[in-house]
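A short worksheet on the structure shown next.
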Amino acid sequence: MENKKVRVRFAPSPTGHLHIGGARTALFNYLFAKKYKGTFILRIEDTDELRSTKESMNSIFESMRWLGLDWDEGAMDEFNEKGDYGPYIQSKREALGIYKKYSDELIQKGLAYHCYCTPEELEEMRKKAQLEKRPPRYDGRCRHLTKEQIEEYKRQGRKPAVRFKMPEEGHTSWNDLIHGELKFENKLLYDFIMVKASGYPTYNFACVIDDHLMEMSHIIRGDDHISNTPLQINLYKALGWGIPEFAHLSMILGPDGSRLSKRHGATSVGEYRRLGYLSVTIKNYLALLGWSTKDSQQIFEKGELEEKFSLEGCQKNPAIFDPVKLTWMNGEYIRKLSKEELYELALPYMKEANIDLSKSKVDPKDIVFIEQEKYKLLSDIPKLVDFFFKDEIEYDKESVEKVLKKDKVKDILLGIKEVYSSIADFTEKNIEESTRRFAKEKGYKTSEVFHPVRVSVSGRAQGPTLFKMIEYIGKETVISRIDKAVSEAKIV
RNA sequence: GCCCUCAUCGUCUAGUGGCCUAGGACGCUGCCCUUUCAAGGCAGAGAUCAGGGGUUCGAAUCCCCUUGAGGGCGCCA
C-alpha cells in the first residue's frame, strides 16, 4: 500500500438512518484514509429504486458530519458534490449511461447475457431447489437460449435482465487484509444479475464499476460481503481491470448475540445523539468494536485514533455492542469537557426539559458545571439541576421520610434559618463556617444538620456539594424553602 | 441443503511456540476518601484459552476432527 495512493470509500444505500454498523464501517474507512494520508470518499448507492430516499441520504450526511467523518470526495447533498471522479450518486451515474456501457461491452464479449426469467419463475425455481435440497441459486437456464426462444420472449413483451457469465471451473481467491487467504470454488458461484430489467444496475455490478472508475485502492466493508467478493473479483477479471485490496470487518451484534436490531434499543447514530451521547464517545467506542491497540488503550485523545489505527489490529470475530460500556465512556468524555463546552451541549436538553435558565441566582454555566462528574448522558443534566431554576420544588418522598421526619429536625431547621438570615455575604465559605459553628454550638453532629438542610432546600437527599449548592440557590430562596419544609408538615 | 467465516473472563480485548501460575478495560464486590450521590484511589472475585485428538522437550498460540455462533445462496445492498 506504500506504492499505491490510498483511496477508500464508504458507500451506504440511502434506505434509512446511519446505523451503528454502517457508522463503524465509515469510521474504519475514514481512519484508514487518515492514517495513510489517503482520500476518503462518500458514494451513495441508491440503485434500489424503491427504498432509496433523499431524506435518508441527508440523514446519513448529517450523522457523518456529527461524528466528524468528513469526506474528501463525494456527494455533499442532492445537487452538489466534490471530487474529480463523480458523479458520486449511482442514480446519476446510471443516467449518464456509465453502467450500460460496461454491460454492453461484456455482452458483446460473450461474458454476460440477457436473462428473460421473471421474478416469479425465479422464485419458483428457488423453491423447487430448496425442496430437492439443492442450492437455491440461479441455474443458468438463459445462458444458451435459441434465437426462437429469444424471439418468443420478446413477443411476450418480456424485458431482459443482464446476467454475468460466471466461470464454471477453477476457483477465486484473494488475500483479505483481515482474514488472510480466502478461497471459493467457481462452480459454487452463480450468474448474478448485473443490470435489472428496469435498466438499473445491481449492487454487485455498480459497486465494481464505480470502485474501479473511482480508483479505489482498498475496499473496507462488513463481513457480510465476503460471499459477494468472489463474484466481484470475477467481474474485475472479465473487464480486464486490476483488483483492489479487500478487508472484511466483523459484524456488530446485539447483547444477545444476534444481529443488532431495533429490539436491542437504539440502533442509529441519530438516536444515540438524541439520547445524550457525545460524538467523540460514539467514535471512540465504535473504534474499539473490532479493533484495538496492543496495550488495549481505551480512551483516545483527539487525533490519536487517526494516528494509531491499523487493519492489523482488527478482530476477525464479531463484537457485541455493550451499551453499558458506551455509557461509562460517555461519562469519561463529559468529565473532560470545559465549563463552556458542557453548557453548550447541555442547552438543547435544558430547553427540552422546559427549564428557564434565567431563573437561577447565579450563572447557569456554573450550575450545570457543579454536577459535571455525575452526568453519564447529556440528557441527565436537567433532572440533576432543575431545582436551581424552579420556584416550586418537588420533595422526594423517600428523602422526606428518612431525613426530615426525625426528632430535632424542626429545631435544627428553624435554627439554621436564623443563622442563614444573618449571613451578609452569602458565599460557600461563609455558609459552611456558620453551619458548622451552629452545629458545634448546639451540640449536633454535622451530619444531623447537613442532611435535613440538603433535603429542605433541594427536595432530595442526593445532590451537589452542599454549601456551594446553597450559595447557588441564593439566600432568599434557601430561607423560603426551609420555611416551607417546616410549615408544610414535611416534618414531624 | 450447500458454501463461507469465526471461537481467550458476563462483555470489549492483549496474546502470533517458552516472558501466561493468561494482561488491560467495562460491569460486579469490598475498603479508603467524604456532608449525600458521584468522581477518584486501592484491593478482590471472575477465563480448565469451545470440546477432543495430534505435532513439539514445551501450545491459548501450529495441524485435524467435532460442536456452537454468525454470514451468504435476491431483478436488496
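Chain A is the first sequence line, chain B the second, and so forth, proteins listed ahead of strands; every chain is numbered from 1.
B:C76 atom P lies 15 Å from atom CG of A:Leu231, rounded to whole Å. As rounded to whole Å, 12 Å separates atom P of B:U11 from atom OH of A:Tyr285. Atom CG of A:Leu413 and atom C1' of B:U35 are 15 Å apart (whole Å). Distance A:Gln372 CD to B:A38 C1': 12 Å, rounded to the nearest Å. For the pair A:His225 NE2 and B:G71 P, the computed distance is 13 Å after rounding to whole Å. Rounded to whole Å, the distance from CG on A:Leu122 to C1' on B:C75 is 8 Å. Separating the CG atom of A:Asn284 from the P atom of B:C12 is a distance of 17 Å, rounded to the nearest angstrom. Atom pair A:Gln462:CD and B:U35:P shows a separation of 16 Å (rounding to whole Å applied).
Considering only side-chain atoms of A:Pro135, the nucleotide from B:U35, B:U5, B:G1 that sits closest is B:G1. Nearest nucleotide to the A:Lys316 side chain, out of B:C6, B:C37, B:U35: B:C6. Closest contact between the side chain of A:Ile226 and the listed nucleotides B:C4, B:U36, B:U13 involves B:C4. When distances run from any side-chain atom of A:Lys294 to the nucleotides B:A14, B:A39, B:U35, the shortest one goes to B:A14. In the set B:C12, B:U5, B:C75, the nucleotide with an atom closest to the side chain of A:Pro119 is B:C75. Distance from the side chain of A:Arg126 is smallest for B:C75 among the nucleotides B:U35, B:C75, B:A77. Between B:C75, B:G27, B:U35, one nucleotide has an atom nearer to the side chain of A:Arg454 than all others, and that is B:U35. You'll find that the side chain of A:Tyr190 is closest to B:G74, out of B:G1, B:G74, B:U5. Relative to the side chain of A:Arg137, the nucleotides B:C73, B:G40, B:C12 differ in distance, and B:C73 lies closest. Which of B:C73, B:A77, B:C6 sits closest to the side chain of A:Thr202 comes down to B:A77.
Of the candidates A:Phe450, A:Phe426, A:Tyr420, A:Phe467 forms a ring-ring contact (aromatic ring centres under 6.0 Å, His included) with just one, namely A:Phe450. Put simply, the residue from A:Gln232, A:His218, A:Arg9 that forms a side chain to side chain donor-acceptor pair (under 3.5 Å) with A:Asp211 is A:Arg9.
Toward the 5′ end of RNA chain B lies the nearest nucleotide of A:Asn317, the other residue of the pair A:Asn317 and A:Arg51 mapping further downstream. Nearest-nucleotide positions on RNA chain B for A:Phe184 and A:Val195 put A:Phe184 closer to the 5' end.
For the pair A:Arg460 and B:C37, the criterion of a side-chain N or O lying under 4.0 Å from OP1 or OP2 is not met. In this structure, A:Arg259 reaches the B:G71 phosphate: one of its side-chain N or O atoms is under 4.0 Å from OP1 or OP2. Taking side-chain N and O atoms only, A:His179 has a distance below 4.0 Å to OP1 or OP2 of B:C6.
Relative orientation of the A:Tyr277 and A:Tyr272 rings is perpendicular, given thresholds of 30° and 60° on the angle between their planes. Ring geometry for A:Tyr190 versus A:Phe192: interplanar angle over 60°, hence perpendicular rather than tilted (30 to 60°).
Rounded to a whole angstrom, the distance from the P atom of B:G1 to that of B:G10 is 31 Å. As rounded to the nearest Å, B:C28 and B:G68 have P atoms that lie 34 Å from one another. Comparing the same atom, P, in B:G40 and in B:G27 gives a spacing of 9 Å after rounding to whole Å. Between B:C49 and B:U16, the distance separating the two C1' atoms is 15 Å to the nearest Å. Separation of the C1' atoms belonging to B:A50 and B:U8 is 10 Å when rounded to the nearest angstrom. Comparing the C1' positions of B:U36 and B:U11 gives an interatomic distance of 32 Å, to the nearest angstrom. Separating the C1' atom of B:G18 from that of B:U13 is a span of 23 Å, rounded to the nearest Å. Comparing the same atom, C1', in B:A22 and in B:A59 gives a spacing of 13 Å after rounding to whole Å.
Contact annotation: side chain of A:Thr465 to base of B:U35, donor-acceptor pair present below 3.5 Å. Residue A:Asn228 places a side-chain atom within donor-acceptor reach of the base of B:A77, judged by atom type and a 3.5 Å distance cut-off alone. Side chain A:Ser296 to base B:G23: a donor-acceptor pair is found below 3.5 Å.
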Distances for protein N or O near nucleotides 28-33 of chain B N or O, under 3.5 Å:
none

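At the heavy-atom level, A:Lys376 lies under 4.0 Å from the strands shown only through sugar-phosphate atoms.
Separating the CD atom in A:Glu432 from the NZ atom in A:Lys468 is a distance of 11.5 Å, to the nearest 0.5 Å. Taking CG from A:Leu289 and OG from A:Ser250, the interatomic distance works out to 8.0 Å, rounded to the nearest 0.5 Å.
Base pairing annotation: B:U67 forms a Watson-Crick or G-U wobble pair with B:A7, both donor-acceptor distances under 3.5 Å. Base pairing annotation: B:A45 forms no Watson-Crick or G-U wobble pair, as no partner gives both donor-acceptor distances under 3.5 Å. Pair assignment for B:C73 gives B:G1, based on Watson-Crick or G-U wobble hydrogen-bonding distances that are each under 3.5 Å.
The aromatic ring centres of A:Trp71 and A:Phe61 sit less than 6.0 Å apart.
For the pair A:Tyr375 (side chain) and A:Val368 (backbone), a donor-acceptor distance under 3.5 Å is present. At distances below 3.5 Å, not a single donor-acceptor pair connects side-chain atoms of A:Lys406 with backbone N or O atoms of A:Glu448. In this structure a side-chain-to-backbone donor-acceptor pair under 3.5 Å is present from A:Asn330 to A:Leu278.
Annotation: side chain of A:Cys207 is in contact with side chain of A:Arg43 (closest heavy-atom distance under 4.5 Å).
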